[in-house]
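Values below: every heavy atom of this structure, side chains too, minus hydrogens, waters and symmetry copies.
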Amino acid sequence: MKLSEQRSSMLHGVLLIALFSCAAFYIGDMDFVKALSLSPMIVGIILGMLYANSLRNNLPDTWVPGIQFCSKRVLRIGIIFYGFRLTFQDVTAVGLPAILVDAIIVATTIGVGMAVGRLLKMDRGITLLTSVGSSICGAAAVLGTESTIRIKPYKTAVAVATVVIFGTLSMFLYPIAYRSGLIDLSPEAMGIFTGATVHEVAHVVGAGNAMGKAVADPAIIVKMIRVMMLVPVLFIIGYFVARAAVNGTGDSSRAKIAIPWFAVLFLVVIGFNSFDLLPEAVVGFINTLDTFLLTMAMTALGAETSIDKFRKAGAKPFVLALVLYVWLIFAGYGMVKYLVPAIV
(Lines give C-alpha, C1' and ligand atoms only; values in the text may rest on other atoms or scores of the structure.)
Protein backbone atom coordinates (compact mmCIF):
# COMPACT_ATOMS: atom_id res chain seq x y z
CA MET A 1 0.00 0.00 0.00
CA LYS A 2 2.84 2.37 0.85
CA LEU A 3 4.46 1.83 -2.54
CA SER A 4 1.14 2.42 -4.26
CA GLU A 5 0.70 5.72 -2.42
CA GLN A 6 4.21 6.80 -3.39
CA ARG A 7 3.52 6.05 -7.04
CA SER A 8 0.19 7.87 -6.87
CA SER A 9 1.84 10.96 -5.37
CA MET A 10 4.59 10.89 -7.98
CA LEU A 11 1.96 10.62 -10.71
CA HIS A 12 0.38 13.84 -9.40
CA GLY A 13 3.70 15.64 -9.94
CA VAL A 14 4.03 14.20 -13.45
CA LEU A 15 0.47 15.21 -14.34
CA LEU A 16 1.11 18.73 -13.03
CA ILE A 17 4.11 19.08 -15.35
CA ALA A 18 2.11 17.56 -18.22
CA LEU A 19 -0.62 20.15 -17.65
CA PHE A 20 1.91 23.00 -17.74
CA SER A 21 3.38 21.46 -20.91
CA CYS A 22 -0.03 21.39 -22.59
CA ALA A 23 -0.36 25.09 -21.73
CA ALA A 24 3.14 25.68 -23.16
CA PHE A 25 2.09 23.98 -26.42
CA TYR A 26 -1.04 26.14 -26.60
CA ILE A 27 0.88 29.36 -25.91
CA GLY A 28 3.69 28.32 -28.25
CA ASP A 29 1.17 27.98 -31.10
CA MET A 30 0.13 31.62 -30.82
CA ASP A 31 1.25 33.83 -33.68
CA PHE A 32 3.09 36.43 -31.58
CA VAL A 33 4.99 33.69 -29.76
CA LYS A 34 5.99 32.10 -33.07
CA ALA A 35 7.11 35.52 -34.27
CA LEU A 36 9.47 35.66 -31.27
CA SER A 37 10.83 32.21 -32.22
CA LEU A 38 9.88 30.84 -28.81
CA SER A 39 9.38 27.09 -28.96
CA PRO A 40 7.03 25.26 -26.56
CA MET A 41 10.15 24.15 -24.67
CA ILE A 42 11.19 27.71 -23.89
CA VAL A 43 7.61 28.64 -22.98
CA GLY A 44 7.58 25.60 -20.72
CA ILE A 45 10.66 26.57 -18.76
CA ILE A 46 9.29 30.10 -18.34
CA LEU A 47 6.03 28.71 -16.95
CA GLY A 48 8.00 26.39 -14.68
CA MET A 49 10.16 29.21 -13.32
CA LEU A 50 7.11 31.41 -12.72
CA TYR A 51 5.52 28.56 -10.81
CA ALA A 52 8.70 27.79 -8.83
CA ASN A 53 8.91 31.35 -7.56
CA SER A 54 5.21 31.84 -6.78
CA LEU A 55 2.97 28.86 -5.97
CA ARG A 56 5.60 26.13 -5.52
CA ASN A 57 5.48 26.40 -1.70
CA ASN A 58 1.90 25.17 -1.82
CA LEU A 59 2.92 21.97 -3.61
CA PRO A 60 2.75 18.81 -1.45
CA ASP A 61 6.23 17.40 -0.84
CA THR A 62 5.03 14.03 -2.09
CA TRP A 63 4.61 15.53 -5.59
CA VAL A 64 8.24 16.60 -5.87
CA PRO A 65 9.52 13.17 -7.01
CA GLY A 66 7.16 13.41 -9.98
CA ILE A 67 8.68 16.74 -11.03
CA GLN A 68 12.19 15.34 -10.60
CA PHE A 69 11.17 12.32 -12.65
CA CYS A 70 10.24 14.66 -15.51
CA SER A 71 13.46 16.70 -15.26
CA LYS A 72 15.64 13.56 -15.32
CA ARG A 73 14.00 10.42 -16.68
CA VAL A 74 11.60 12.09 -19.12
CA LEU A 75 14.46 14.29 -20.35
CA ARG A 76 16.57 11.23 -21.13
CA ILE A 77 13.66 9.52 -22.91
CA GLY A 78 13.14 12.70 -24.92
CA ILE A 79 16.80 12.83 -25.90
CA ILE A 80 16.74 9.17 -26.93
CA PHE A 81 13.71 9.79 -29.15
CA TYR A 82 15.40 12.88 -30.55
CA GLY A 83 17.53 10.42 -32.48
CA PHE A 84 14.59 9.94 -34.85
CA ARG A 85 15.26 13.45 -36.13
CA LEU A 86 18.84 12.58 -37.10
CA THR A 87 20.89 10.05 -39.03
CA PHE A 88 24.52 8.98 -39.03
CA GLN A 89 24.78 10.82 -42.33
CA ASP A 90 24.15 13.98 -40.27
CA VAL A 91 26.84 12.96 -37.78
CA THR A 92 29.29 12.42 -40.63
CA ALA A 93 28.40 15.85 -41.98
CA VAL A 94 29.36 17.46 -38.64
CA GLY A 95 32.57 15.45 -38.69
CA LEU A 96 35.99 15.61 -37.06
CA PRO A 97 36.10 19.40 -36.46
CA ALA A 98 33.13 19.20 -34.06
CA ILE A 99 34.69 16.29 -32.15
CA LEU A 100 37.96 18.19 -31.86
CA VAL A 101 36.22 21.35 -30.65
CA ASP A 102 34.34 19.31 -28.04
CA ALA A 103 37.52 17.65 -26.79
CA ILE A 104 39.36 20.97 -26.48
CA ILE A 105 36.40 22.66 -24.76
CA VAL A 106 36.03 19.86 -22.20
CA ALA A 107 39.74 19.64 -21.35
CA THR A 108 40.44 23.38 -21.19
CA THR A 109 37.26 24.29 -19.29
CA ILE A 110 37.99 21.77 -16.54
CA GLY A 111 41.58 23.05 -16.37
CA VAL A 112 40.52 26.71 -16.24
CA GLY A 113 37.87 25.90 -13.63
CA MET A 114 40.29 24.14 -11.29
CA ALA A 115 42.81 26.99 -11.63
CA VAL A 116 40.21 29.71 -10.94
CA GLY A 117 38.80 27.71 -8.02
CA ARG A 118 42.27 27.54 -6.51
CA LEU A 119 42.66 31.32 -6.89
CA LEU A 120 39.29 31.86 -5.21
CA LYS A 121 40.29 29.40 -2.45
CA MET A 122 37.14 27.40 -3.05
CA ASP A 123 36.28 23.93 -1.85
CA ARG A 124 37.90 21.47 -4.30
CA GLY A 125 34.77 19.35 -4.52
CA ILE A 126 32.50 22.24 -5.50
CA THR A 127 35.17 23.50 -7.90
CA LEU A 128 35.42 20.13 -9.66
CA LEU A 129 31.65 19.65 -9.86
CA THR A 130 31.10 23.15 -11.25
CA SER A 131 33.93 22.77 -13.76
CA VAL A 132 32.75 19.38 -15.02
CA GLY A 133 29.14 20.58 -15.16
CA SER A 134 30.13 23.62 -17.22
CA SER A 135 32.45 21.71 -19.54
CA ILE A 136 30.37 18.62 -20.36
CA CYS A 137 26.63 18.36 -19.79
CA GLY A 138 25.42 20.38 -16.84
CA ALA A 139 23.54 18.66 -14.03
CA ALA A 140 23.99 15.19 -15.53
CA ALA A 141 27.77 15.62 -15.41
CA VAL A 142 27.59 17.01 -11.87
CA LEU A 143 25.59 14.00 -10.70
CA GLY A 144 27.88 11.60 -12.52
CA THR A 145 30.93 13.17 -10.94
CA GLU A 146 29.26 13.18 -7.52
CA SER A 147 28.89 9.40 -7.70
CA THR A 148 32.60 9.14 -8.40
CA ILE A 149 34.03 11.47 -5.72
CA ARG A 150 31.26 10.83 -3.12
CA ILE A 151 30.82 14.44 -2.04
CA LYS A 152 28.34 16.00 0.40
CA PRO A 153 24.85 16.60 -1.09
CA TYR A 154 24.77 20.37 -0.50
CA LYS A 155 27.89 20.81 -2.64
CA THR A 156 26.15 19.00 -5.47
CA ALA A 157 23.15 21.31 -5.13
CA VAL A 158 25.41 24.36 -5.38
CA ALA A 159 27.06 23.11 -8.57
CA VAL A 160 23.75 22.18 -10.17
CA ALA A 161 22.38 25.65 -9.38
CA THR A 162 25.26 27.32 -11.24
CA VAL A 163 24.87 25.27 -14.42
CA VAL A 164 21.09 25.69 -14.42
CA ILE A 165 21.44 29.49 -14.20
CA PHE A 166 23.97 29.90 -16.98
CA GLY A 167 22.48 27.15 -19.12
CA THR A 168 19.10 28.87 -18.91
CA LEU A 169 20.72 32.23 -19.70
CA SER A 170 22.34 30.73 -22.80
CA MET A 171 19.02 29.36 -23.98
CA PHE A 172 17.70 32.90 -24.27
CA LEU A 173 20.85 34.85 -25.19
CA TYR A 174 22.14 32.59 -27.97
CA PRO A 175 19.00 32.83 -30.17
CA ILE A 176 18.80 36.59 -29.60
CA ALA A 177 22.48 37.11 -30.44
CA TYR A 178 22.24 34.84 -33.50
CA ARG A 179 19.08 36.37 -34.97
CA SER A 180 20.29 39.92 -34.33
CA GLY A 181 23.53 39.21 -36.20
CA LEU A 182 25.69 39.77 -33.12
CA ILE A 183 27.12 36.27 -33.62
CA ASP A 184 28.25 36.07 -37.23
CA LEU A 185 28.20 32.32 -37.92
CA SER A 186 26.57 30.04 -40.47
CA PRO A 187 23.70 27.84 -39.20
CA GLU A 188 25.96 24.76 -39.02
CA ALA A 189 28.74 26.70 -37.28
CA MET A 190 26.20 28.17 -34.85
CA GLY A 191 25.02 24.64 -34.15
CA ILE A 192 28.56 23.52 -33.35
CA PHE A 193 29.09 26.60 -31.18
CA THR A 194 25.83 26.01 -29.29
CA GLY A 195 26.40 22.29 -28.78
CA ALA A 196 29.99 22.81 -27.65
CA THR A 197 29.36 25.62 -25.15
CA VAL A 198 25.84 25.46 -23.65
CA HIS A 199 25.61 23.56 -20.35
CA GLU A 200 22.51 21.36 -20.23
CA VAL A 201 21.30 19.01 -22.98
CA ALA A 202 17.80 20.40 -22.50
CA HIS A 203 19.08 23.96 -22.89
CA VAL A 204 20.89 23.04 -26.11
CA VAL A 205 17.69 21.51 -27.47
CA GLY A 206 15.70 24.59 -26.48
CA ALA A 207 18.20 27.10 -27.86
CA GLY A 208 18.74 25.09 -31.04
CA ASN A 209 15.05 24.79 -31.81
CA ALA A 210 14.62 28.52 -31.24
CA MET A 211 17.20 29.14 -33.99
CA GLY A 212 15.80 26.63 -36.48
CA LYS A 213 16.37 23.05 -37.57
CA ALA A 214 19.59 23.91 -39.44
CA VAL A 215 21.09 24.99 -36.11
CA ALA A 216 19.32 22.50 -33.83
CA ASP A 217 20.44 19.31 -35.61
CA PRO A 218 24.22 19.92 -35.50
CA ALA A 219 23.86 21.46 -32.02
CA ILE A 220 22.30 18.34 -30.50
CA ILE A 221 24.79 16.04 -32.26
CA VAL A 222 27.76 18.08 -31.03
CA LYS A 223 26.22 18.21 -27.56
CA MET A 224 25.71 14.45 -27.43
CA ILE A 225 29.31 13.90 -28.55
CA ARG A 226 30.25 16.16 -25.63
CA VAL A 227 28.01 14.14 -23.30
CA MET A 228 29.78 10.96 -24.36
CA MET A 229 33.05 12.54 -23.23
CA LEU A 230 31.72 12.31 -19.67
CA VAL A 231 32.68 8.63 -19.72
CA PRO A 232 36.46 9.09 -20.14
CA VAL A 233 36.41 12.12 -17.81
CA LEU A 234 34.76 10.06 -15.06
CA PHE A 235 37.25 7.27 -15.54
CA ILE A 236 40.10 9.78 -15.17
CA ILE A 237 38.52 11.34 -12.07
CA GLY A 238 37.88 7.88 -10.66
CA TYR A 239 41.50 6.97 -11.18
CA PHE A 240 42.72 9.99 -9.23
CA VAL A 241 40.12 9.41 -6.49
CA ALA A 242 41.23 5.78 -6.18
CA ARG A 243 44.88 6.81 -6.11
CA ALA A 244 44.16 9.41 -3.42
CA ALA A 245 42.34 6.75 -1.39
CA VAL A 246 45.32 4.44 -1.65
CA ASN A 247 47.71 7.19 -0.63
CA GLY A 248 45.51 8.31 2.25
CA THR A 249 44.09 5.10 3.69
CA GLY A 250 45.66 2.21 1.87
CA ASP A 251 42.20 1.18 0.59
CA SER A 252 42.53 0.25 -3.07
CA SER A 253 38.80 -0.19 -3.75
CA ARG A 254 37.76 1.35 -7.04
CA ALA A 255 35.30 4.23 -7.24
CA LYS A 256 31.99 3.60 -8.96
CA ILE A 257 31.76 5.13 -12.43
CA ALA A 258 28.45 6.47 -13.76
CA ILE A 259 27.93 6.02 -17.50
CA PRO A 260 25.33 8.13 -19.39
CA TRP A 261 23.48 5.23 -21.04
CA PHE A 262 20.84 7.55 -22.50
CA ALA A 263 23.55 9.00 -24.75
CA VAL A 264 24.43 5.51 -25.97
CA LEU A 265 20.76 4.76 -26.70
CA PHE A 266 20.48 8.11 -28.49
CA LEU A 267 23.20 6.93 -30.87
CA VAL A 268 21.47 3.55 -31.28
CA VAL A 269 18.24 5.31 -32.33
CA ILE A 270 20.17 7.46 -34.81
CA GLY A 271 21.63 4.27 -36.27
CA PHE A 272 18.16 2.72 -36.60
CA ASN A 273 16.77 5.89 -38.16
CA SER A 274 19.65 5.99 -40.65
CA PHE A 275 18.17 2.94 -42.40
CA ASP A 276 14.86 4.79 -43.02
CA LEU A 277 12.77 1.77 -41.95
CA LEU A 278 9.76 3.60 -40.48
CA PRO A 279 7.06 5.41 -42.51
CA GLU A 280 7.33 9.18 -42.57
CA ALA A 281 4.00 9.54 -40.74
CA VAL A 282 5.21 7.36 -37.86
CA VAL A 283 8.46 9.32 -37.57
CA GLY A 284 6.45 12.55 -37.59
CA PHE A 285 4.27 11.29 -34.72
CA ILE A 286 7.36 10.24 -32.73
CA ASN A 287 8.91 13.68 -33.27
CA THR A 288 5.74 15.43 -32.05
CA LEU A 289 5.62 13.18 -28.98
CA ASP A 290 9.30 13.84 -28.43
CA THR A 291 8.76 17.61 -28.50
CA PHE A 292 6.11 17.20 -25.80
CA LEU A 293 8.41 15.05 -23.66
CA LEU A 294 11.21 17.61 -23.96
CA THR A 295 8.74 20.37 -23.09
CA MET A 296 7.83 18.43 -19.94
CA ALA A 297 11.52 18.14 -19.07
CA MET A 298 12.10 21.85 -19.61
CA THR A 299 9.03 22.77 -17.56
CA ALA A 300 10.19 20.53 -14.72
CA LEU A 301 13.65 22.07 -14.90
CA GLY A 302 12.08 25.50 -14.54
CA ALA A 303 9.92 24.29 -11.65
CA GLU A 304 13.09 23.39 -9.76
CA THR A 305 14.69 26.79 -10.34
CA SER A 306 13.79 28.89 -7.31
CA ILE A 307 15.52 32.06 -6.18
CA ASP A 308 15.97 30.72 -2.62
CA LYS A 309 18.23 27.92 -3.83
CA PHE A 310 20.54 30.43 -5.45
CA ARG A 311 20.77 32.58 -2.32
CA LYS A 312 21.93 29.63 -0.23
CA ALA A 313 24.79 28.81 -2.61
CA GLY A 314 27.00 31.80 -1.80
CA ALA A 315 28.95 33.98 -4.22
CA LYS A 316 32.17 32.13 -5.09
CA PRO A 317 30.66 29.19 -7.00
CA PHE A 318 28.71 31.63 -9.15
CA VAL A 319 31.82 33.74 -9.74
CA LEU A 320 33.58 30.59 -10.92
CA ALA A 321 30.62 29.61 -13.09
CA LEU A 322 30.53 33.12 -14.59
CA VAL A 323 34.24 32.98 -15.45
CA LEU A 324 33.73 29.59 -17.09
CA TYR A 325 30.67 30.89 -18.94
CA VAL A 326 32.65 33.78 -20.41
CA TRP A 327 35.46 31.35 -21.26
CA LEU A 328 33.05 28.99 -23.03
CA ILE A 329 31.57 31.80 -25.12
CA PHE A 330 34.82 33.38 -26.28
CA ALA A 331 36.92 30.22 -26.56
CA GLY A 332 34.10 28.36 -28.27
CA TYR A 333 33.43 31.18 -30.71
CA GLY A 334 37.12 31.52 -31.52
CA MET A 335 37.48 27.80 -32.24
CA VAL A 336 34.34 27.61 -34.36
CA LYS A 337 35.20 30.80 -36.24
CA TYR A 338 38.88 30.12 -36.92
CA LEU A 339 39.87 26.54 -35.99
CA VAL A 340 37.05 24.65 -37.70
CA PRO A 341 37.50 26.36 -41.12
CA ALA A 342 41.24 25.61 -40.92
CA ILE A 343 40.55 21.89 -40.36
CA VAL A 344 37.80 21.42 -42.93
If you measure from [atom1] on [X] to [atom2] on [Y], what distance do you get to the nearest 0.5 Å?
X      : Y      : atom1 : atom2 : answer
Leu16  : Cys70  : CG    : SG    : 9.0 Å
Met122 : Leu128 : CE    : CG    : 10.5 Å
Leu129 : Arg124 : CG    : CZ    : 12.0 Å
Thr299 : Ile45  : OG1   : CD1   : 8.0 Å

[X] versus [Y], closest heavy-atom pair with distance:
X      : Y      : value
Thr197 : Tyr174 : OG1-OH, 2.9 Å
Tyr51  : Ala303 : CD2-CB, 4.4 Å
Val74  : Met296 : CG1-CB, 4.2 Å
Gly113 : Thr127 : O-CG2, 3.4 Å
Leu278 : Val283 : CB-CG2, 3.8 Å
Ser186 : Tyr178 : C-OH, 4.4 Å

Do [X] and [Y] share a hydrophobic cluster (ILVMFWY, side-chain heavy atoms under 4.5 Å, transitive)?
X      : Y      : result
Ile77  : Val264 : yes
Phe275 : Val269 : yes
Met298 : Ile176 : no
Phe25  : Leu50  : yes
Leu277 : Val282 : yes

Keeping Thr162 on the side-chain end and Ala159 on the backbone end, is there a donor-acceptor pair under 3.5 Å? yes
N/O donor-acceptor pair under 3.5 Å between Asn209 side chain and Val205 backbone: yes
Run the side-chain donor-acceptor check on residues 325-343: report pairs under 3.5 Å with partners two or more places apart or on a different chain.
from   : atom 1 : to     : atom 2 : distance (Å)
Tyr325 : OH     : Ser170 : OG     : 3.0
Trp327 : NE1    : Thr109 : OG1    : 3.3
Lys337 : NZ     : Asp184 : O      : 3.2

What donor-acceptor contacts under 3.5 angstrom involve side-chain atoms of residues 210-235, with partners at least two apart or in another chain?
from   : atom 1 : to     : atom 2 : distance (Å)
Lys213 : NZ     : Asp217 : OD2    : 2.6
Lys223 : NZ     : Ile136 : O      : 2.6
Lys223 : NZ     : Val198 : O      : 2.9
Lys223 : NZ     : His199 : O      : 2.5
Arg226 : NE     : Ser135 : O      : 2.7
Arg226 : NE     : Ile136 : O      : 3.1
Arg226 : NH1    : Gly195 : O      : 2.9
Arg226 : NH1    : Ala196 : O      : 3.2
Arg226 : NH1    : Val198 : O      : 2.8
Arg226 : NH2    : Ser134 : O      : 3.0
Arg226 : NH2    : Ser135 : O      : 3.3
Arg226 : NH2    : Val198 : O      : 3.4

Once side chain to side chain donor-acceptor pair (under 3.5 Å) is applied, do any residues pair with [X], and if so which ones, sequence neighbours excluded?
X      : value
Asp290 : Arg85
Thr295 : none
Ser131 : none

Which pairs count as ring-ring contact (aromatic ring centres under 6.0 Å, His included) when at least one residue sits in residues 63-99, sequence neighbours excluded? His12-Trp63
Is there a side chain to side chain contact (heavy atoms under 4.5 Å, CB included) between Thr168 and Met49? Walk through the geometry before answering. CA-CA 11 Å; Thr168 302; Met49 292 175 70; 4.1 Å; yes
When you compare the side chain of Phe166 with that of Leu169, does any pair of heavy atoms fall below 4.5 Å? yes
